[in-house]
Participant: 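First, the structure itself, so that you have it in front of you.
FYI, the numbering just counts along the sequence from 1.
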Amino acid sequence: MDQEDRIALFLDYENLAIGAREHLGGMTFDLRPITDALAERGRVVVRRAYADWSYFDEDRRLLTRSHVELIDIPQKMGASRKNAADIKMAVDALQLAFERDYISTFVFGTGDSDFTRWSTSSAS
């Protein structure tokens, strides 16, 4: 690799936290394996997590210590917010792609199937 990859990480935190709790025997979501794996590929220059943070008090503290920007997706009474985090992540990624051309890799962490895996590199 001639130049270090610059990575933007986007996490649908609600899906990941709920998925870990429901499918991994009550475990809490751990960001470290993701950041460790990405550190082998390059430097993570953007870290964002999307959730209604009123439900994740302790997680919020742990994530901010790991330099993750918290994007609030508040719950609205009586309104559907399905895919709100997915839409916000996609829009933010597109915006960064145009504003910061030094970012070479975009990583989406989500617990649902709203995104399709796609890669332009052979190392995927």
Participant: Could I get the full list of side chain to side chain donor-acceptor pair (under 3.5 Å) partners for R60, not counting sequence neighbours?
Facilitator: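 Here the qualifying residues are D57.
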
Participant: Could you tell me whether the side chain of V107 reaches within less than 4.5 Å of the side chain of R41, counting heavy atoms only?
Facilitator: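 No, side chains not in contact.
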
Participant: Could you state the interatomic distance from CD (Q3) to OG (S104), rounded to the nearest 0.5 Å?
Facilitator: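 With rounding to 0.5 Å, CD (Q3) is 7.5 Å from OG (S104).
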
Participant: Compare all side-chain heavy atoms of V68 with those of R48 and state whether any distance is below 4.5 angstrom.
Facilitator: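 No, side chains not in contact.
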
Participant: At what distance, to the nearest 0.5 angstrom, does CG of D59 lie from CG of D30?
Facilitator: 10.5 Å

Participant: Counting C-beta onward and ignoring hydrogens, is there a side-chain heavy-atom pair between M89 and D12 closer than 4.5 Å?
Facilitator: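 M89 vs D12: side chains touch.
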
Participant: I103 versus V45: any side-chain heavy-atom pair under 4.5 Å?
Facilitator: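 SC-SC contact between I103 and V45 confirmed.
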
Participant: Answer yes or no: does atom CZ of R32 have more than 12 heavy-atom neighbours from other residues, nucleotides or ligands under 6.0 Å?
Facilitator: no

Participant: Does Y55 share a hydrophobic cluster with L70, counting links as ILVMFWY side-chain heavy atoms below 4.5 Å and allowing steps through other members?
Facilitator: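 Shared cluster, yes.
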
Participant: Who pairs with Y50 by ring pair (Phe, Tyr, Trp, His ring centres under 6.0 Å), at least two apart in sequence or on another chain?
Facilitator: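 Applying ring pair (Phe, Tyr, Trp, His ring centres under 6.0 Å) to Y50 gives none.
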
Participant: Using 30° and 60° as the class boundaries, would you call the ring planes of Y13 and W53 parallel, tilted or perpendicular?
Facilitator: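 Rings of Y13 and W53: tilted, 30 to 60°.
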
Participant: What pair of heavy atoms forms the shortest contact from I73 to A84, and how long is it?
Facilitator: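 Of all heavy-atom pairs spanning I73 and A84, the closest is CG2-CB, 3.7 Å.
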
Participant: Heavy atoms only: give me the nearest F56-A17 pair and the separation to one decimal.
Facilitator: CE2-CB, 3.7 Å

Participant: Salt bridge check, R43 against D5: does any charged N sit closer than 4.0 Å to a carboxylate O?
Facilitator: no

Participant: Whether the side chain of E69 engages the backbone of A49 through a donor-acceptor N/O pair (distance < 3.5 Å, no angle test) should be reported.
Facilitator: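 No; zero donor-acceptor contacts below 3.5 Å.
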
Participant: Tell me if a side-chain donor or acceptor on R21 pairs with a main-chain N or O of T28 at a distance below 3.5 Å.
Facilitator: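 Checking the backbone N and O of T28 against the side chain of R21, no donor-acceptor pair under 3.5 Å is found.
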
Participant: For the atom pair CZ (R47) and OG1 (T64), what is the distance rounded to the nearest 0.5 Å?
Facilitator: 12.0 Å

Participant: Could you report the tightest heavy-atom contact between I71 and K88, atom names first, then the distance?
Facilitator: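 Here I71 and K88 meet closest at CG2-CE, 4.0 Å.
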
Participant: List the residues meeting side-chain contact (heavy atoms from CB on, under 4.5 Å) with L94, not counting sequence neighbours, and say none if there are none.
Facilitator: none

Participant: Is I34 reachable from F106 through a run of hydrophobic residues whose side-chain heavy atoms are each under 4.5 Å from the next?
Facilitator: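 Not linked; separate clusters.
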
Participant: With clusters defined by side-chain heavy atoms of hydrophobic residues (ILVMFWY) lying less than 4.5 Å apart, directly or transitively, does V44 cluster with L63?
Facilitator: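 Linked, L63 and V44 end up in one cluster.
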
Participant: Applying the 4.5 Å side-chain criterion to the ILVMFWY set and letting contacts propagate, would F108 and V46 be lumped into a single cluster?
Facilitator: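 Same hydrophobic cluster.
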
Participant: Among the clusters formed by ILVMFWY side chains lying less than 4.5 Å apart, do L11 and V91 turn up in the same one?
Facilitator: no

Participant: Nearest 0.5 angstrom please: H67 NE2 to T35 OG1, how far?
Facilitator: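 Output value for this atom pair is 11.0 Å.
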
Participant: Would you say the side chain of F29 lies within less than 4.5 Å of the side chain of N15, judging by non-hydrogen atoms?
Facilitator: no

